[in-house]
There are 2 protein chains.
Amino acid sequence: MSDIAKAAGVSVATVSNTINDTGRMTEETKARVKKAMQELGFVRDYNAAKLRSGRSRLIGVLVPDISVPFYAEFCTSLEAALSEHGYLPVIANVGEDTKRQQTMLEEVIGHGVAGIAISPSAGTKRSDFEIASTRKIPVVTFCREIEGLAMDYIGSNNYQAAQLATKHLLEQGHRKFAMIAGLQETMPGRERKRGFYDALKAAGIPEADIHVEVCGFDRECGRIKAQELISNQTEFTALLCHNDLVSVGAAAELKKAGRNIGEDLAVVGFDNLPEGEAWTPALTSVESYPRTIGKDVANLLIKRLDGDTAPTMTERVEPHLLVRDSSRFQV
Amino acid sequence: MSDIAKAAGVSVATVSNTINDTGRMTEETKARVKKAMQELGFVRDYNAAKLRSGRSRLIGVLVPDISVPFYAEFCTSLEAALSEHGYLPVIANVGEDTKRQQTMLEEVIGHGVAGIAISPSAGTKRSDFEIASTRKIPVVTFCREIEGLAMDYIGSNNYQAAQLATKHLLEQGHRKFAMIAGLQETMPGRERKRGFYDALKAAGIPEADIHVEVCGFDRECGRIKAQELISNQTEFTALLCHNDLVSVGAAAELKKAGRNIGEDLAVVGFDNLPEGEAWTPALTSVESYPRTIGKDVANLLIKRLDGDTAPTMTERVEPHLLVRDSSRFQV
DNA sequence: CTGAAAGCGCTTACAG
DNA sequence: CTGAAAGCGCTTACAG
């Protein structure tokens, strides 16, 4: 910076003022400085700036696994919104591990991020974020709502999503239900199951006709749980799965076992993955809008960084049911 | 750091030496310092460290779009390998825009990254990387090989992949071919087309029985080009598509038009997307190993950062054909 | 084995 | 409107 100050015949303070456009100098001076920057190929050092000013343009993003389509979509949308405001994401995959989450939180703070977006691992406690709050680094949580955390949160309304799906199945005339629910240690796992259950109870479906299996989040566990349903000869005409990955796995097993999906068996999932739509029959799904969530998380974070001190907010994005051939028929 | 020096009754130099484990002090001193760090909740400031030492633990990652499954897988694997060595990725989506690529390159360098992994946009020139080479920041390119760039490159062997797929189709007895090729401004677009074409010429297939359409990379353009093939009444029993997204789009149109995929028409794609496998019939695909590429890029970058000055290297990961129902039949 | 001090590249009161 | 100087939190020769 002193090089370019020399070249332009001004002081370094003037160079800094030009870069940050504090508007304290004449257009003529600015132009001269900018010309020198061009010629010398100047690239501002954000690190040094942050060291002095305390302000940073990096945002820490902690997700379980960015290769999961939901998070990939989320990150793309978050990155786009951040970059519009001059911010850049530092992304870390933390899996389902609170230890690693703590390490990466520290790591990302060590790198001087201005704010943090995090989908907290199951078992996260309020105190895990002390390291950020001490430093007044705003944190926005998403997707995994943790009870009693009292922090900014944006995610889809999982309870409502499950109710939508279940009511649809009831409307199609189903009376015997099964669900392959996700990990009950996570909020989406619990909420989707609760929505399913509540909708059935409200419709007067007896316990005996509601069967729930619990598993993880992938195709493989859909397959395994479907096999169990088959070998236990559980009776059901409607199957709700925690997400479309589980749906695809379960549907494949059920098809193999001779069930006609879309004719005598309805299968419904969540998250609207292309994979479910590509299936034959196309699988009904509840869209949960990862792109909306990504954009909203970015904007909330930026608002907080701009000094917004409005009370902690919780936003639950409204889901949308996409009825496809796997559940369109009437029983 | 001076606080913890005071607490431990040592100088800041000793604290720094403890953190960086330069091994210059007694275990006893180290223990005392570490205790003070714990108690005061010390988090090292990488920015300040980088400012003084010039060393950084951030890696810039520039991809077209992280929500494309191939790149999502790539990034997960890259991140895992980087984080094993204490590095963290700063990720930017640059689309297909060399202007934005230049901006983000500068941005990422401004944030003090130690190295850069980039899938260069079509039209990237050697001089676009001057900004990095001037600063001696190692750059590893991937997926998009740019001719005459003379830089480290890791990607899949697209030519070989297309040959694998085409030879398979020849072996199944096909004699009339169509291809929906990807953008010819990109190396994968050109190489997959060239591999297809060369394999057919080598087998003595006449020009008249080779039909090539060129489009983008998504389902929609697969759909559009398939419609064109149908309305032009192009004759073919084997269709090769630039990737599985295109395959799915094209296959859907062809099915609608009454073609029996897997019986009188073979469809083959690339990248082994779950979506293609979920299709009925399951679509044959060539796996191109994004996770291997991600890991290798990370390791090469780290080698370069460790001072490896071996000549520029090019690695082309060998592809693998996955034959599924869409092309298993004999003509 | 440990400490005092300079300096990395910026920003920011403060003075003029 | 512009400049001189201090200081952000580290690392690193250098001295002891």
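Here is how names work: the chains are called A, B, and so on, in the same order as the sequence lines, proteins then strands, and each is numbered from 1.
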Is any side-chain N or O of [X] closer than 4.0 Å to OP1 or OP2 of [N]?
{"X": "Thr14(B)", "N": "dT2(C)", "result": "no"}
{"X": "Asn20(A)", "N": "dT11(C)", "result": "yes"}
{"X": "Arg44(A)", "N": "dT11(C)", "result": "yes"}
{"X": "Ser11(B)", "N": "dG3(C)", "result": "yes"}
{"X": "Thr26(A)", "N": "dT2(D)", "result": "yes"}

Take atom [atom1] of [X] and atom [atom2] of [N], then tell me their distance rounded to the nearest Å.
{"X": "Asp45(B)", "N": "dC10(C)", "atom1": "CG", "atom2": "P", "value": "16 Å"}
{"X": "Lys30(B)", "N": "dC1(C)", "atom1": "NZ", "atom2": "C1'", "value": "12 Å"}
{"X": "Arg52(B)", "N": "dG7(D)", "atom1": "CZ", "atom2": "C1'", "value": "16 Å"}
{"X": "Ile4(A)", "N": "dT2(D)", "atom1": "CD1", "atom2": "P", "value": "14 Å"}
{"X": "Arg57(A)", "N": "dT11(C)", "atom1": "CZ", "atom2": "P", "value": "12 Å"}
{"X": "Lys50(B)", "N": "dT12(D)", "atom1": "NZ", "atom2": "C1'", "value": "16 Å"}
{"X": "Arg32(A)", "N": "dC1(D)", "atom1": "CZ", "atom2": "P", "value": "14 Å"}
{"X": "Ile109(A)", "N": "dC10(D)", "atom1": "CD1", "atom2": "P", "value": "14 Å"}

At under 4.0 Å between heavy atoms, what does [X] touch on the DNA or RNA strands: base, sugar-phosphate, or nothing?
{"X": "Ala49(B)", "value": "sugar-phosphate"}
{"X": "Ser16(B)", "value": "base"}
{"X": "Val10(B)", "value": "sugar-phosphate"}
{"X": "Thr29(B)", "value": "sugar-phosphate"}

**Item:** Geometric cation-pi criterion, Arg57(B) with Tyr46(B): 6.0 Å, 45°
**Value:**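 Checked: cation-pi criterion not met.
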Of all the nucleotides listed ([options]), which has the minimum atom distance to the side chain of [X]?
{"X": "Arg55(B)", "options": "dG7(D), dT2(D), dT12(D)", "result": "dT12(D)"}
{"X": "Leu51(A)", "options": "dC1(D), dG9(C), dT11(D)", "result": "dG9(C)"}
{"X": "Phe42(B)", "options": "dT12(C), dC10(D), dA4(C)", "result": "dC10(D)"}

Any Lys/Arg nitrogen of [X] or [Y] sitting under 4.0 Å from an Asp/Glu carboxylate oxygen of the other?
{"X": "Glu130(B)", "Y": "Lys125(B)", "value": "no"}
{"X": "Arg316(A)", "Y": "Glu145(A)", "value": "yes"}
{"X": "Glu147(B)", "Y": "Arg190(B)", "value": "yes"}
{"X": "Arg144(A)", "Y": "Glu96(A)", "value": "yes"}

**Prompt:** For dG16(C), what is the paired nucleotide under Watson-Crick or G-U wobble rules, both distances under 3.5 Å?
**Reply:**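 dC1(D) is the nucleotide pairing with dG16(C).
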**Asked** In Å, rounded to the nearest 0.5 Å, how long is the span from CZ of Arg52(B) to CG of Asn47(B)?
**Response**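 Output value for this atom pair is 16.0 Å.
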**Item:** Contact nearer the 5' end of DNA chain C, comparing Ala48(A) with Ala13(B)
**Value:**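 In this pair, the answer is Ala13(B).
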